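The next block holds one structure in the form of structure tokens; read it before the comments.
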Amino acid sequence: MSELPVYQVTARKWRPMRFADVVGQDHITTTLQNAITRGRIHHAYVFTGPRGVGKTTCARILARALNCTNRHGTEPCNACDSCRDMIDGRSVDIIEIDGASNNSVDDIRKIRDNAKYAPLTGSYKMYIIDEVHMLSTAAFNALLKTLEEPPAYLIFVFATTEIHKVPATILSRCQRFDYRRMEIDTIVRQLRYIASKEDITIDEDSLIAVARKADGSMRDSQSIFDQVVSFCGTTITYANVASALHLIDIEFYFALGEAIRNHDVAAMFAMSRQVLSRGYDLQDCLVGLLEHFRNILTVLSTQSTALIDASSVYLDKYTAEAQLFTRADVLRIMNLIAQGEQVLRANPPQPRIRFEFTLIQLASMDSTVDLGRVLATLEKSNPLPSTRPPAASLAASQARSQPSAQRMVPLAVKVSPHPVAAPVNVSSLSPGNLVARWPAAVEAMPESLAFVKGAVRQAGLLEVDFSEVGLTLRPSAGVVYERLADRLEALKQHLSDFYGVTLAVRLAPPMAEPPTVAPSGAPQPLAEDETLLPIEQKLISMFRAQKVVTGQAQP
């Protein structure tokens, strides 16, 4: 009976045999090569990172390089007896241990006892413990002493995907190397190289689909590549890859995006039924849709497709699709998709209804309104007075710097008489916005509010407190209070027209009641030695008044 040909999977057949063959981990291979060149070999290493990124491979290359009898620089020759023994798995100096099945104290005790013996052929004896995080706490403690003070010829290499489970006492005795996830471009280049060596024809879309399915693992990508080759043969197209891996076509996501843009709820029900009839995973569908809108957001934010992993045909489609969405809408869409995916991840009852509900929410979502554009439109349709003097920048900056929400500002501010362009409506009722333009609002008062303008210009007659909703007028005398009360409605209308928003204008009574005249009292002339208060002097000068002495009976 003839023997069947021996088949070796791609992940083993194309496993790197030299440091130069390792892809995507240059920061680690360079460090290890420099350590070999300078003779700075540490006694313990921890290699951590995702699955299938080269942790065990680098450990084996390091072991061969240290014990190679015909080393080329820092690279092993892979041809001498020492290298061949390690490649064939019969070396007694390089021991690989599975931490998941050898995790007891007795297993570590055997390692500790065998570590006393020097290597037979090479310069170093190395223990490579894979999945070291599976060791028990007692096993880790039993390893501490040997790990801290090992013989000069002994090296430990620990590989793990869950570094947080390794005790700090172990990590502190090792050099730690963090392996990176493989980029899609790196995986695509390696798969393209393998396909060219294997005489396999595969298009760019298929390579990207396989790399994306691998989720950053080179070993997973090569296993998926073997599966695709078994299904398609030596000529691989994207349609066959999608069928073999049960992938959702990118065109389906573009159709979903069109239904969302057109608010087509009926189409969402039809597409949901299509997903279920084809047997697609609902959570994977939402993850793919989330990535689809991520690509659109990338184009909107960077005006480029450099950060999108897709073929040139779909890059052009993403560029065109991005012009049909706004960034605010895409952010809201991605938020809804993420919420729906999180619900499906919890494996709830009736996942179909949850999935359809997410799609219907997306189709029913209203477009985001840009408030800036709305205000600009309102400004054009309702023009404000064409001229106004500029606000005093010093008073505005002082008002904005005050910490309290309600700011009291001096009103006797000199305003330039030169008119400028029409005022722009305030975007929000904030004290800072109101204070900054208050001097200009005073200067623009009409003749009917001449008294208000005069009271503002006379320091001490009127104070104004600005708040989040408007302003409060605080006159210092009763007569000013009465005159302002007569013109309060006209003042409200003027301020609303000037600021472009409706303001609340409140008139507060003066702190002290205005002086009253006795029933039989009459104005009395001032005594020569009587001193007037500043407010009294201003009132007399403004209204040509005389002081009235109250509480005294007149003859």
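Since the structure is predicted, the reported quantities are computational estimates derived from the model, not experimental observations. Residue indices begin at 1 and follow the sequence shown.
- Considering only heavy atoms from C-beta on, Ile61 comes within 4.5 Å of Pro76 through its side chain.
- Of all heavy-atom pairs between His133 and Glu131, the closest is CE1-OE1, 2.6 Å.
- Heavy atoms from other residues, nucleotides or ligands lying under 6.0 Å from CD of Gln342 number 12 at most.
- Two residues are said to be in side-chain contact when any heavy atoms from C-beta on lie closer than 4.5 Å; Thr31 and Gln175 fail this criterion.
- Within the 3.5 Å criterion, the main-chain N or O of Val23 finds no donor-acceptor partner in the side chain of Arg189.
- Remark: the backbone N or O of Gln33 is paired with a side-chain donor or acceptor of Thr37 at under 3.5 angstrom.
- Put simply, the side chain of Phe231 does not reach to within 4.5 Å of the side chain of Leu245, judged on heavy atoms.
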If you apply the rule side chain to side chain contact (heavy atoms under 4.5 Å, CB included), what do you find for Thr186 with Gln190, and how did you get there? CA-CA 6 Å; Thr186 302; Gln190 184 68 8; 5.8 Å; no
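- The CZ atom of Phe293 lies 11.0 Å from the CG atom of Leu300; values are rounded to the nearest 0.5 Å.
- Glu183 CD: 12 or fewer foreign heavy atoms inside a 6.0 Å radius.
- Side-chain atoms of His263 come within 3.5 Å of backbone atoms of Ala363 as a donor-acceptor pair (strictly under, hydrogens ignored).
- The structure places OH of Tyr179 at 6.5 Å from CD of Gln25, a figure rounded to the nearest 0.5 Å.
- With hydrogens and angles disregarded, no donor-acceptor distance shorter than 3.5 Å links the side chain of Asn70 to the backbone of Cys80.
- The salt bridge (Lys or Arg N to Asp or Glu O under 4.0 Å) pairs that include a residue from residues 26-49 number zero, where partners must be two or more places apart or lie in different chains.
- Defined by atom type and a distance below 3.5 Å, a donor-acceptor pair is present between the side-chain atoms of Thr57 and Arg15.
- Within the structure, every pair that satisfies the salt bridge (Lys or Arg N to Asp or Glu O under 4.0 Å) test and touches residues 248-265, not counting sequence neighbours, is listed here: Glu251-Lys317, Arg261-Glu321.
- A distance of 10.0 Å separates OG1 in Thr305 from CG in Asn295, rounded to the nearest 0.5 Å.
- For the residue pair Asn67/Thr121, the side-chain donor-acceptor check at 3.5 Å is not satisfied.
- In the model, Arg64 has a side-chain atom that pairs as donor or acceptor with a side-chain atom of Asn78 under 3.5 Å.
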List, one per line, each side-chain donor-acceptor pair under 3.5 Å for residues 147-158, sequence neighbours excluded.
from	atom 1	to	atom 2	distance (Å)
Glu148	OE1	Arg173	NH2	3.2
Tyr153	OH	Ala115	O	3.0
Tyr153	OH	Lys116	O	2.8

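- With Ser196 contributing its side chain and Tyr193 its backbone, the two residues share a donor-acceptor pair below 3.5 Å.
- With a 4.5 Å cut-off on side-chain heavy atoms, Ile129 and Ile111 count as touching.
- Listed by first and then second residue, the side chain to side chain donor-acceptor pair (under 3.5 Å) pairs that reach into residues 81-91 are Asp85-Arg90, Asp88-Arg90, sequence neighbours excluded.
- A salt bridge does not link Asp113 to Lys110: none of the charged side-chain nitrogens sits closer than 4.0 Å to a carboxylate oxygen.
- Residue Pro119 comes nearest to Asp93 through the heavy atom pair CA-OD1, 3.3 Å, listed as atom of the first residue, atom of the second, then distance.
- Contact annotation: the side chain of Thr169 never approaches that of Phe140 to less than 4.5 Å [non-hydrogen atoms, C-beta and beyond].
- For the pair Ser221 (side chain) and Ala211 (backbone), a donor-acceptor distance under 3.5 Å is absent.
- Scanning both residues, Val46 and Cys174, for their nearest heavy atoms gives CG2-CB, 3.5 Å.
- Phe252 meets the ring-ring contact (aromatic ring centres under 6.0 Å, His included) test with no other residue; sequence neighbours excluded.
- Between His246 and Tyr280, the two ring planes are tilted [angle within 30° to 60°].
- Looking only at distances, a side-chain donor or acceptor of Asn141 sits under 3.5 Å from a matching main-chain atom of Thr137.
- Between Glu75 and Ala20, the closest heavy-atom pair is OE2-N, 3.0 Å.
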Go through the steps to decide whether Glu341 and Leu289 satisfy the test side chain to side chain contact (heavy atoms under 4.5 Å, CB included), and finish with yes or no. CA-CA 10 Å; Glu341 189 270 335; Leu289 185 61; over 6 Å; no
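- Although no hydrogens or angles enter the test, the distance criterion places a donor-acceptor pair under 3.5 Å between the side chain of Arg181 and the main chain of Asp215.
- Lys125 has its side chain within reach of Tyr117: a pair of non-hydrogen atoms, C-beta onward, lies under 4.5 Å apart.
- Between the side chain of Asp203 and the backbone N or O of Tyr238 there is at least one donor-acceptor pair closer than 3.5 Å.
- Distance check: Ile308 CD1 to His292 NE2 gives 10.0 Å after rounding to the nearest 0.5 Å.
- Put simply, the residue from Ile224, Asp220, Ile184 that forms a side-chain contact (heavy atoms from CB on, under 4.5 Å) with Val210 is Ile224.
- For the atom pair OG1 of Thr29 and CG of Leu62, the computed distance is 11.5 Å after rounding to the nearest 0.5 Å.
- Closest approach of Asn240 to Cys232, counting heavy atoms only: CB-SG, 3.2 Å.
- When all heavy atoms are compared, the tightest approach of Leu66 to Met126 is CD1-CE, 4.1 Å.
- For the pair Lys13 and Glu198, the minimum side-chain heavy-atom distance is below 4.5 Å.
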Please determine whether side chain to side chain contact (heavy atoms under 4.5 Å, CB included) holds for the pair Ile248 and Asp284, giving the CA-CA distance in whole Å, both sets of side-chain angles, and the decisive distance to 0.1 Å. CA-CA 9 Å; Ile248 300 178; Asp284 288 345; 5.5 Å; no
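- To the nearest 0.5 Å, atom CD1 of residue Ile337 and atom CD1 of residue Ile260 are 5.5 Å apart.
- Looking at Asp130, its side chain never comes within 3.5 Å of a backbone N or O of Glu96 through a donor-acceptor pair.
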Check step by step if side chain to side chain contact (heavy atoms under 4.5 Å, CB included) holds for Ile36 and Arg71. CA-CA 11 Å; Ile36 294 173; Arg71 189 170 63 202; 3.6 Å; yes
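- In this structure, Phe177 and Tyr45 have tilted ring planes: the angle between them lies in the 30° to 60° band.
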Let me check something: any side-chain donor-acceptor pairs from residues 266-273 under 3.5 Å, sequence neighbours excluded? List them with distances.
from	atom 1	to	atom 2	distance (Å)
Ser272	OG	Glu356	OE2	3.4

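- No side-chain heavy atom of Arg180 sits less than 4.5 Å from a side-chain heavy atom of Val53.
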Start with the C-alpha distance between Asp107 and Ser104, add both sets of side-chain angles, then the distance that settles side chain to side chain donor-acceptor pair (under 3.5 Å), and finish with yes or no. CA-CA 5 Å; Asp107 296 320; Ser104 65; 2.9 Å; yes
